[in-house]
Protein chains: 2
Amino acid sequence: MNIGDAAAASGLSAKMVRYYEAIGLVAPALRTEAGYRVYGSDDIHTLRFIKRARSLGFSMEKTGELLQLWRDRDRSSADVKAVALEHVAELERKIAELRGMADTLQHLASHCHGDHRPGCPILRDLSANAAPPAPVTAPRRRRT
Amino acid sequence: MNIGDAAAASGLSAKMVRYYEAIGLVAPALRTEAGYRVYGSDDIHTLRFIKRARSLGFSMEKTGELLQLWRDRDRSSADVKAVALEHVAELERKIAELRGMADTLQHLASHCHGDHRPGCPILRDLSANAAPPAPVTAPRRRRT
DNA sequence: CTGCACCTTCCCATCGTGGTAAGGTCAACA
DNA sequence: TGTTGACCTTACCACGATGGGAAGGTGCAG
């Protein structure tokens, strides 16, 4: 199998497969005499694993950790669970952040007439609710 | 006000302020004879506007649109609302995506013993639930 | 006048992916 | 057999938004 087939079989692009090799996420593929990368079913399996991990939002680094655990027959499921739950916590953190943004904006928009008139609570918020004048933690020497 | 003070007053970094000028998000700042950028209260106001828009998750591009609407006294609130709601939709889309990831992982983790044993539904999912073998849309010429 | 906090521009790194260019390889078909 | 063109290779640049740092100039307190 050439890289194009391997990419298609794993749901990745050829670019990504080469990139994963370049950063050491996967071992360098075997080569034909002409220099073409050659992939076997094990390689495809690994690439699919990566694809799936990425689709669950794992970073390349975390994906690498999972790959190592996967390859380690003596792993503890506790280690895998820890990586997963850590990621879940990270996802929840991001979700909460986006949730806050969406709710705030939705609230502002619901109070906006949405007509030809220029008055708008959204712009009012943006122009007023900016960061507070920064409590001085490490005072500057000049311009005080 | 020099750039450091402007940055502190707006909650941005000096780097970001220069960057916003470089990409044309804000007009080039006035300069002293020595070449130092000088900021007035209007500039600070604008920078805070940007800071707030960014904190609500608007991209630089969308932030620019909002800035233009803000400066346009004849704007329609409908235009502002449209930009805001479009962004809300984008946020909701991302939230749903992350929600799906988190729920899937949480579910898998809840079925993981989390002990010293190697068996783990999380790794099982990753190694099995990969992308399906890609329905052929544009068949390759070779290797058929 | 010295020291140093601040300013300037310029370049590089991040992260993961896509694009493109310049060139080599391989199989199908006339 | 030769042509075609889909495929492969490496190498470079781009994105978005930010941080880091180098090399050098400015300005004020002491």
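Computed from a prediction, not measured in an experiment: that's the story for all the values here.
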What nucleic acid atoms does B:Ser59 come within less than 4.0 Å of, heavy atoms only: base, sugar-phosphate, or nothing?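 Sugar-phosphate only.
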
If a pair satisfies ring-ring contact (aromatic ring centres under 6.0 Å, His included) and one of its residues is in residues 72-100 of chain B, list it, with sequence neighbours excluded. B:Phe58-B:His87

Could you check how far [atom1] of [X] sits from [atom2] of [N], rounded to whole Å?
X: B:Met60; N: D:dT18; atom1: CE; atom2: C1'; value: 11 Å
X: A:Glu33; N: C:dT25; atom1: CD; atom2: C1'; value: 12 Å
X: B:Leu47; N: D:dA17; atom1: CG; atom2: P; value: 16 Å
X: A:Phe58; N: C:dC15; atom1: CZ; atom2: P; value: 18 Å
X: A:Arg31; N: D:dC7; atom1: CZ; atom2: P; value: 19 Å
X: B:Ile50; N: D:dA17; atom1: CD1; atom2: P; value: 12 Å
X: A:Asp5; N: C:dC26; atom1: CG; atom2: C1'; value: 13 Å
X: B:Glu61; N: D:dA17; atom1: CD; atom2: C1'; value: 14 Å

Give me each pair satisfying salt bridge (charged side-chain N to carboxylate O under 4.0 Å, His left out) with a member in residues 6-21 of chain B, each pair once, sequence neighbours excluded. B:Glu21-B:Arg31, B:Glu21-B:Arg37

Going by the salt bridge (charged side-chain N to carboxylate O under 4.0 Å, His left out) test, which pairs reach into residues 102-122 of chain B, not counting sequence neighbours? B:Arg99-B:Asp103, B:Asp115-B:Arg117

Below 3.5 Å, does any donor atom in the side chain of A:Lys15 face an acceptor in the base of C:dG16, or the other way round?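 Not at all, since no donor on one side and acceptor on the other fall under 3.5 Å apart.
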
Looking only at side-chain N and O atoms, does [X] come under 4.0 Å of OP1 or OP2 in [N]?
X: A:Arg37; N: D:dT10; value: yes
X: A:Thr32; N: C:dT25; value: no
X: A:Arg54; N: C:dT17; value: yes

Could you pull out all residues at least two apart from A:His107 that satisfy ring-ring contact (aromatic ring centres under 6.0 Å, His included)?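 Per chain and number, A:His107 pairs via ring-ring contact (aromatic ring centres under 6.0 Å, His included) with A:His111.
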
Other residues, nucleotides and ligands only: do more than 12 of their heavy atoms fall within 6.0 Å of NZ on A:Lys94?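 Result for NZ/A:Lys94: open.
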
Among residues 18-28 of chain A, which ones have heavy-atom contacts with DNA chain C below 4.0 Å? A:Tyr19, A:Tyr20

With sequence neighbours left out, write down each residue that passes side-chain hydrogen bond (donor to acceptor under 3.5 Å, both in side chains) with [X], or none if nothing qualifies.
X: B:Gln68; answer: none
X: A:Glu86; answer: none
X: B:Arg75; answer: none

What N/O pairs connect the protein and nucleotides 23-25 of chain D at under 3.5 Å? Give each pair on its own line.
{"residue": "D:dG25", "atom": "N2", "partner": "B:Tyr36", "partner atom": "OH", "Å": "2.6"}

Would you kindly compare A:Tyr39 and B:Met16 by the position of their nearest DNA chain D nucleotide and give the one closer to the 5′ end?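 By nearest-heavy-atom nucleotide position, the 5'-most residue is A:Tyr39.
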
Can you classify the ring geometry of A:Phe49 versus A:Trp70 as parallel (below 30°), tilted (30 to 60°) or perpendicular (above 60°)?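 Parallel: the ring planes of A:Phe49 and A:Trp70 meet at under 30°.
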
